[in-house]
S.K.: 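Got a structure for you, written out below as structure tokens; questions coming shortly.
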Amino acid sequence: MPRVRFAPSPTGYLHIGSARTSIFNWLYARKNNGTMILRLDDTDVERNTQASVDSIFDGLHWLGLGWDEYYRQSERLALHKEMANRILAQGRAYRDFTPAQTGEEERSESGEPWLFHPEMRELSSAESDRRAAAGEPFVLRFRVPRGENRAVKFKDSVFGDQYKKADEIEDFALLRSNGMPTYHMASCADDVDLRIDHIIRGQDHLTNTFKHVLIFEALCETKPKFAHLPLLIAPDGAKLSKRKHGPVVSVTTYRDAGFLPEAYINFLCLLGWSPKNNREQMSIPELIEAFSFSGVNRSNAVVNFSDEDPIDPKAQWLNGQHLRSMAIDGLLPAVRATLEAAGLRAEEANFAFVVDTIRARYTSLHDFATKGLPYFSDEFPMEPAAAERLDEPRARELLRTLGDRLAAATEFTEASVETALRELAAEAGVKPGVLINGSRAALTGQAVGPSAFHVFTAIGRERSIARLKKV
RNA sequence: GGCGCUAUCGUCUAGUGGUUAGGACGGGGCCCUCUCAAGGCCCAGGCAGGAGUUCAAUUCUCCUUAGCGCUACCA
């Protein structure tokens, strides 16, 4: 039973990269009958916001990514400290009483990387204890084992064998001088305590992992496996950021653009992962079935948006694919919600038929309320192109006649309407196309749309007749 | 600056020591057709650069370049 976690920091809204990390964790858990854990890494009290927490929950709910266990790091600080002190007791950490650096760091500019404060690393435990007891503030640092051939290594499920000389790893902080755990400490302590066995996260943590391996080795026998995901970047090659790229990085952008959660998930999965069989459109169950780390790419993927269009064209296409091919019953609630949000109401009697009739040409849920307006409301605009259809010679006159004939007939089916229309066209000596296209224009105000006879049945007998007579 | 990761059409990607380098989106065209979509077919478009290994490199090695990440008492 694998245990995985999605551990966002609530310092901004749920963004596209986090969403994808969450999806991959979720897919892995579902595929392997594992446990999905949601853990809020909220140790940075200054930057945490409730709005961000809400955004994360909203996003995950929308995507339908459930979790089996839920934790907040801020409620587990005692555990983090306890584990940090355990490392200190082992002698694998030491107190560094050097005052916190202020202003610009000089170390990183000097060429040689900073590793540790020698006098602090060598401080005797008696002296260290004495100063700590006296109340002198300190940061607790990991005593990275040094020496000629010391190295830290781990195998990444995506990036393969990773190796780093211990002498290139600085004595990183475990506990800050205010007693709060650092990210590294809190994260590893929780991963140990929650028995996480596969850490799936962004590639930005790949080099941090050496530090984490050190902590895990101090804290437990078997360290977890790691899988780092390539990052999502902007078309300009820069990493996605709210400041630079605006709201496109938020999952709400796609939700608000009328995306189906499954389509968005499908899209995100294709960024940095491939089933390797040319499959593109996939349902959630198919994604679960196909998911594997061997399909994960190692290079960053560009989310293809622009100033004019915040939505990746391929995502839009995928949304259309899902819209037109998913089970109609699964689509109906989403369409209903979209219509209600637009102040429209669906005729329940033939709702499924209407949606099924028009969905093939839509790529967003919003299209049902905009392009689909004539199907759900009697008030809709007459587009210029449609008006031209009505301006064809004799079109209006014959359409009104058609309305009369349909009103007189008892039957109203696709076939009966077609028969009536073609008979009328033949009698009048006009091409059927005039009445066919004219009907569509009269019934929907649009020059384009589904087959005219489908439109008749979708709009319904009474409304169709009324719209023809009004022409 | 140091360390690391990465590099195939505009974008997402498949792929191999010998392939016409495959698919998808987007773009262009054709077919279908009552319109528009959908669908089918076709076209343009790519192995970052340089060495080396090899009979043969897009593929293996090295270098360069570029991008990204890490280099905090942020996460």
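Below, read A as the first sequence line, B as the second, and so on, with proteins coming before strands; counting in each chain starts at 1.
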S.K.: Considering every strand shown, what is the Watson-Crick or G-U wobble mate of B/C3 when both distances are under 3.5 Å?
M.R.: B/G69
S.K.: Now, which nucleotide makes the Watson-Crick or G-U wobble pair with B/A24, with each of the two distances under 3.5 Å?
M.R.: B/U11
S.K.: Picking from B/U11, B/C73, B/C25, which would you name as closest to the side chain of A/W317?
M.R.: B/C25
S.K.: Taking for each residue the nucleotide of RNA chain B bearing the nearest heavy atom, is the 5' side occupied by A/D161 or by A/G237?
M.R.: A/D161
S.K.: My understanding is that a pair needs two contacts under 3.5 Å, Watson-Crick or G-U wobble. By that rule, which nucleotide pairs with B/G17?
M.R.: none
S.K.: Closest-nucleotide mapping onto RNA chain B: is A/S299 or A/I233 further toward the 5' terminus? I mean the 5' end.
M.R.: A/S299
S.K.: Tell me which nucleotide among B/C34, B/A75, B/C36 gets nearest to the side chain of A/R361.
M.R.: B/C36
S.K.: Which of these nucleotides, B/A24, B/C73, B/A75, is closest to any side-chain atom of A/E280?
M.R.: B/A24
S.K.: Report the base-pairing partner of B/A48 (Watson-Crick or G-U wobble, both distances below 3.5 angstrom), or none.
M.R.: B/U64
S.K.: Between C1' on B/C74 and CD on A/Q73, what's the gap in Å once rounded to a whole number?
M.R.: 13 Å
S.K.: Please determine which of A/T43, A/N48, A/D42 meets the side chain to side chain donor-acceptor pair (under 3.5 Å) test together with A/R72.
M.R.: A/D42
S.K.: Tell me the closest heavy-atom pair linking A/A19 and A/V251, and the distance in Å.
M.R.: CB-CG1, 3.5 Å
S.K.: Please pick, from B/U13, B/G22, B/C12, the nucleotide with the shortest atom-to-atom distance to any side-chain atom of A/K314.
M.R.: B/C12
S.K.: B/C73 phosphate, OP1 or OP2: any side-chain N/O from A/R141 under 4.0 angstrom?
M.R.: yes
S.K.: Which part of the nucleic acid does A/H228 contact within heavy-atom distance under 4.0 Å: base, sugar-phosphate only, or nothing?
M.R.: nothing
S.K.: Which part of the nucleic acid does A/G320 contact within heavy-atom distance under 4.0 Å: base, sugar-phosphate only, or nothing?
M.R.: nothing
S.K.: Out of B/C73, B/A14, B/C68, which nucleotide sits closest to the side chain of A/K239?
M.R.: B/C68
S.K.: Under 3.5 Å for both donor-acceptor distances, Watson-Crick or wobble: does B/C41 have a partner, and if so which one?
M.R.: B/G29
S.K.: When the C1' atoms of B/G17 and B/G40 are compared, how many Å lie between them, rounded to an integer?
M.R.: 37 Å
S.K.: So what does A/T43 hit on the nucleic acid, given a heavy-atom distance under 4.0 Å: a base, only sugar-phosphate, or nothing?
M.R.: sugar-phosphate
S.K.: Looking only at side-chain atoms of A/A360, point me to the closest of B/C12, B/A37, B/U35.
M.R.: B/A37
S.K.: Considering every strand and a 4.0 Å limit on heavy-atom distances, what is the contact class for A/T98: base, sugar-phosphate, or nothing?
M.R.: base
S.K.: Identify whether any heavy atom of A/P275 sits under 4.0 Å from a base atom; if not, whether one sits that close to sugar-phosphate; answer base, sugar-phosphate or nothing.
M.R.: nothing
S.K.: Can you tell me how far P of B/U71 sits from NZ of A/K164, to the nearest Å?
M.R.: 10 Å
S.K.: Could one point to a donor on the side chain of A/N278 or the base of B/G22 with an acceptor on the other under 3.5 Å away?
M.R.: yes
S.K.: Distance to the ring centre below 6.0 angstrom and angle to the axis at most 45 degrees; does that hold for A/R141 and A/Y94?
M.R.: no
S.K.: Which whole number of Å gives the distance between the C1' atom of B/G52 and that of B/C43?
M.R.: 39 Å
S.K.: Heavy atoms under 4.0 Å, any strand shown: does A/A452 hit a base, just sugar-phosphate, or nothing?
M.R.: base
S.K.: Could you work out which one of B/C5, B/G15, B/C73 sits closest to the side chain of A/R176?
M.R.: B/C73
S.K.: Roughly how many Å is it from OH in A/Y163 to C1' in B/C5, rounded to a whole number?
M.R.: 17 Å
S.K.: Could you measure between the two P atoms, the one in B/A56 and the one in B/G18, and give it in whole Å?
M.R.: 14 Å
S.K.: A/L240 has an atom CG; how far is it from atom P of B/G69, in whole Å?
M.R.: 11 Å
S.K.: Which is true for A/S451 with a 4.0 Å heavy-atom rule: it touches a base, it touches only sugar-phosphate, or it touches nothing?
M.R.: base
S.K.: Atom NZ of A/K211 and atom P of B/G69: how far apart are they, to the nearest Å?
M.R.: 16 Å
S.K.: NA contact type, A/P450, heavy-atom cut-off 4.0 Å: base, sugar-phosphate, or nothing?
M.R.: base
S.K.: Using a cut-off of 4.0 Å on non-hydrogen atoms, how would the nucleic acid contact of A/A301 be classed: base, sugar-phosphate, or nothing?
M.R.: sugar-phosphate
S.K.: For the side chain of A/H184, starting at C-beta, report the closest nucleotide among B/A75, B/C73, B/C68.
M.R.: B/A75
S.K.: When you compare B/A14 with B/U8, how far apart are their C1' atoms, in angstrom units rounded to a whole number?
M.R.: 10 Å
S.K.: Students often get this wrong, so: under 4.0 angstrom with heavy atoms, is A/S274 touching a base, only sugar-phosphate, or nothing?
M.R.: sugar-phosphate
S.K.: Rounded to whole angstroms, how far apart are CG on A/N208 and P on B/A72?
M.R.: 11 Å
S.K.: Please name the nucleotide paired to B/U58 by Watson-Crick or G-U wobble geometry with both distances under 3.5 Å, or report none.
M.R.: none
S.K.: Mark yes or no for a side-chain to base donor-acceptor pair under 3.5 Å between A/R440 and B/C36, with no hydrogen or angle criteria applied.
M.R.: no
S.K.: So does A/S177 reach the base of B/C73 with its side chain, donor to acceptor, closer than 3.5 Å?
M.R.: yes
S.K.: B/U11 and B/A51: how far apart are their C1' atoms, nearest whole angstrom?
M.R.: 32 Å
S.K.: Can you name the closest pair of heavy atoms from A/I169 and A/K164 and give their distance?
M.R.: CG1-CD, 3.9 Å
S.K.: Touch check for A/F453, heavy atoms < 4.0 angstrom, all strands: base, sugar-phosphate only, or nothing?
M.R.: base
S.K.: Any cation-pi pair here, A/R39 with A/Y71, using under 6.0 Å and within 45°?
M.R.: no
S.K.: Parallel, tilted or perpendicular: which fits the ring planes of A/F172 and A/F142, with parallel below 30° and perpendicular above 60°?
M.R.: parallel
S.K.: Rounding to a whole Å, what distance do you find between A/L390:CG and B/U35:C1'?
M.R.: 13 Å
S.K.: Of the options B/A14, B/U71, B/C36, whose atoms approach the side-chain atoms of A/E170 most closely?
M.R.: B/U71
S.K.: Does any part of the side chain of A/I233, heavy atoms only, come nearer than 4.5 Å to the side chain of A/V303, both counted from C-beta?
M.R.: no
S.K.: Expressed as a whole number of Å, how far does the P atom of B/G29 sit from that of B/A38?
M.R.: 14 Å
S.K.: Within the structure shown, what part of the strands sits under 4.0 Å from A/R279 by heavy-atom distance: base, sugar-phosphate, or nothing?
M.R.: nothing
S.K.: Tell me whether the rings of A/F293 and A/F291 are parallel (<30°), tilted (30 to 60°) or perpendicular (>60°).
M.R.: perpendicular
S.K.: With rounding to whole Å, what would you report as the distance between B/C5 and B/C31 at their C1' atoms?
M.R.: 48 Å
S.K.: Any heavy-atom pair between the side chains of A/F368 and A/R359 that's under 4.5 Å?
M.R.: yes
S.K.: Base, sugar-phosphate, or nothing for A/N297, non-hydrogen atoms under 4.0 angstrom?
M.R.: sugar-phosphate
S.K.: Could you state the atom-to-atom distance from CZ of A/R324 to C1' of B/G39 in whole Å?
M.R.: 10 Å
S.K.: Passes side chain to side chain donor-acceptor pair (under 3.5 Å), A/H212 versus A/H184? Steps please.
M.R.: CA-CA 7 Å; A/H212 298 178; A/H184 302 302; 2.8 Å; yes
S.K.: A/Q321 has a side chain; which of B/A38, B/C25, B/G69 sits nearest to it?
M.R.: B/A38
S.K.: Mind checking if A/R298 touches a base, just sugar-phosphate, or nothing, with heavy atoms under 4.0 Å?
M.R.: sugar-phosphate
S.K.: Looking only at atom C1', what distance separates B/A7 and B/G39, rounded to whole Å?
M.R.: 36 Å
